[in-house]
Structures are given as C-alpha cells and as structure tokens.
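Read the numbers this way: they start at 1 and go in the same order the structure lists the ligands and their atoms. Please read these numbers as outputs of a predicted model, since none were measured by experiment.
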Amino acid sequence: MRITPDLEQDFYDAAYSQFLNLPESDLVCNRQTLEADLANPAQPIYERRRLYLAIMQALLAEPVAGRAVLDYGCGTGDWGLMLAAEGANVTFLDLSPVAIQVTERRAAASGVRDRVRGIARDASDLSCFRDEEFDLIYGSAAVHHTLKYPGALEELVRVLRPGGRLVLAETYGNNHLLNMARRLGWKLRGQAEEQGEEIVFSDAHVRMLRERMTKVDLMPMNLLAMSKRLFRGRFESAAVRGVVGALEKLDSVVLRAAPPLGRYCGEVVVVGRK
Ligand SMILES: C[S@@+](CC[C@H](N)C(=O)[O-])C[C@H]1O[C@@H](n2cnc3c(N)ncnc32)[C@H](O)[C@@H]1O
C-alpha cells in the first residue's frame with residue numbers, strides 16, 4: 001500500500017480521538033507531570049525514559065522562556081506543553097486536526113492556552129510560517145513520518161532561524177537485525193500501514209540534515225538494552241527492571257569502549273544547529 005497524507009491523517013485522527021473524552025485533570029502536562037510519568041514503570045512512556053530524559057535535558061539546555069518553538073508532528077503535544085509551561089511560545093503542528101484539538105484542550109487544562117497555537121497541516125508545506133520564524137524546533141518520532149514527502153526537510157530548515165536548534169527524538173534505523181525485529185513486531189501486532197512507520201530514521205537522514213545545518217550532534221542509546229521491547233507492559237516487575245537496568249549499564253561500557261557501535265543503537269537524540 002502506498003501511504004498518503006490522507007491515510008495517515010485518518011489513522012491518527014482515530015488514534016487521538018480517545019483523548020478528547022478524558023477529564024480535564026488527566027490532560028494537564030508540564031515538566032513535573034512528565035518527570036513523574038517517566039519515573040513510573042506503569043506508564044507506557046517508561047519504556048523510552050532514557051530517550052525522553054535526554055530530550056528533556058537537550059530541550060532545557062538553553063533558556064526557552066519567550067522563545068518561539070515549533071512542536072513538529074506534535075501528536076498529543078507532551079513536549080510542546082512542557083516547553084509552554086516553562087515559558088516558551090509554542091506552535092503545535094500536526095497533520096491530524098484531532099491532535100491539534102487535543103493539544104489545545106491540554107494547553108487550556110495546563111494553564112498555558114495563551115502561549116500556544118495549533119495548526120493542522122502537512123509539514124511538507126509550511127508556507128503558513130515566515131522564513132526563520134522559530135528559535136527551536138522539536139520533533140519526537142515525527143521526522144521519519146515527514147521525510148518521505150518531497151520538500152519536508154527544506155521547509156523544516158527554512159522556518160528555523162540561523163543559530164536556532166533542531167532537537168529530534170527518533171528510533172534509529174541502521175541496525176538491520178533490529179529493523180527486522182521491528183517489522184516482525186508490526187506484523188505480529190497487526191499494525192496498520194496507515195500508521196506511516198515504514199521509514200525509520202537512519203544515517204542517510206543524518207547526512208541530509210548535515211548538508212543543511214551548521215552542526216548536527218547525535219546521542220545514540222540502547223544497543224543491547226533494546227531488548228526492553230520484549231518486556232513491554234511488564235516494567236512494574238522489579239526483576240524486569242533489574243534485567244533492563246543491567247543491559248543499560250552494559251551498553252554504557254560497550255559504547256564507551258567502541259563508540260562506532262552507537263550507530264546500531266535503537267534510539268537517538270539529534271541536536272542540530274542551523
Ligand atoms: C508517531 S506520532 C508522534 C507524535 C508525537 N510527536 C509523540 O512523540 O508522541 C507521528 C505524528 O506525526 C504526524 N504526521 C505524520 N505525517 C505528517 C505530516 N506529513 N505532516 C505533519 N504531521 C505528520 C502524525 O499525525 C502523528 O501525530
């Protein structure tokens with residue numbers, strides 16, 4: 001099946017509509033709620049806590065108050081909401097109008113509605129934004145969806161100001177074994193093709209970014225610890241956390257001894273400077 005923006009939009013509209021029925025108290029999002037979720041093994045986000053703790057550090061490494069931020073492919077907008085709660089002026093962009101409705105409701109529940117705006121639009125055409133409009137662009141599991149559309153990367157770079165930062169959280173796709181396991185997992189779970197996950201962020205995309213940015217730093221993580229995927233939904237078990245923790249420690253040793261193995265890790269934080 002050839003994935004089109006319409007198919008992806010329908011998929012994500014349906015996926016996010018459940019959030020429209022949540023009570024206001026469940027919609028609040030800021031740094032404290034995110035830190036609490038990342039530390040809670042019962043929360044789905046716990047599985048990617050290392051990636052997102054590194055992202056939080058990268059996003060807050062420079063002052064954000066008063067800065068113009070684009071949460072690119074925002075979904076339900078956790079990270080843009082966190083940045084708005086820290087004082088940033090945040091634009092949420094997503095193909096899915098339901099995602100934008102959800103983020104706007106969450107912004108109101110979080111007390112930051114006056115610092116955010118939502119735009120439902122295909123990221124390959126950002127003509128609604130001026131050149132160099134944003135100080136910081138953040139994309140979590142989003143860029144690998146948009147890079148398949150011609151013009152998307154050029155648009156992303158165009159709307160970032162010179163000296164501005166691009167911060168990405170992505171699954172890393174250089175490891176063929178891991179990619180095979182991912183594809184098998186998608187098949188076994190009956191994952192819809194319209195979810196648009198058929199392209200995984202890899203070194204080829206890093207090269208594309210490097211051609212357009214002044215500097216691109218990578219922080220790969222989870223090599224052996226990607227086996228955490230086998231324990232999905234079971235992190236409340238101390239034994240499971242012990243195994244995953246031990247693999248994470250082993251990864252640190254292996255990656256310190258052999259940094260080139262980093263490209264075979266399963267997740268990556270990308271920090272680019274235009
Ligand atoms: C895997 S979700 C990630 C959502 C969110 N950033 C997160 O980390 O939870 C990918 C998101 O990209 C959005 N998306 C896919 N293709 C897009 C496009 N061409 N333009 C804008 N958004 C797109 C989808 O609607 C979806 O919300």
Flag side-chain contact, heavy atom, 4.5 Å: Ile55 against Val167
yes

If you define the side chain from C-beta out and look only at heavy atoms, does anything of Arg241 sit under 4.5 Å from Pro41?
yes

Is it the case that one hydrophobic cluster holds both Ile119 and Val159, taking links as side-chain heavy atoms less than 4.5 Å apart, direct or via other members?
yes

Is there a continuous path of hydrophobic side-chain contacts, each under 4.5 Å between heavy atoms, that joins Tyr52 to Tyr172?
no

Tell me, please, which residues at least two apart from Asp125 pass salt bridge (charged side-chain N to carboxylate O under 4.0 Å, His left out).
Arg121

Shell of residues surrounding ligand 1, defined by a 4.0 angstrom heavy-atom cut-off that is strict
Glu8, Tyr12, Tyr16, Gly73, Cys74, Gly75, Asp94, Leu95, Arg121, Asp122, Ala123, Ser140, Ala141, His145, Thr146, Tyr149, Glu197

For Glu47, is there an ion pair with Arg234 - N to carboxylate O distance below 4.0 angstrom?
no

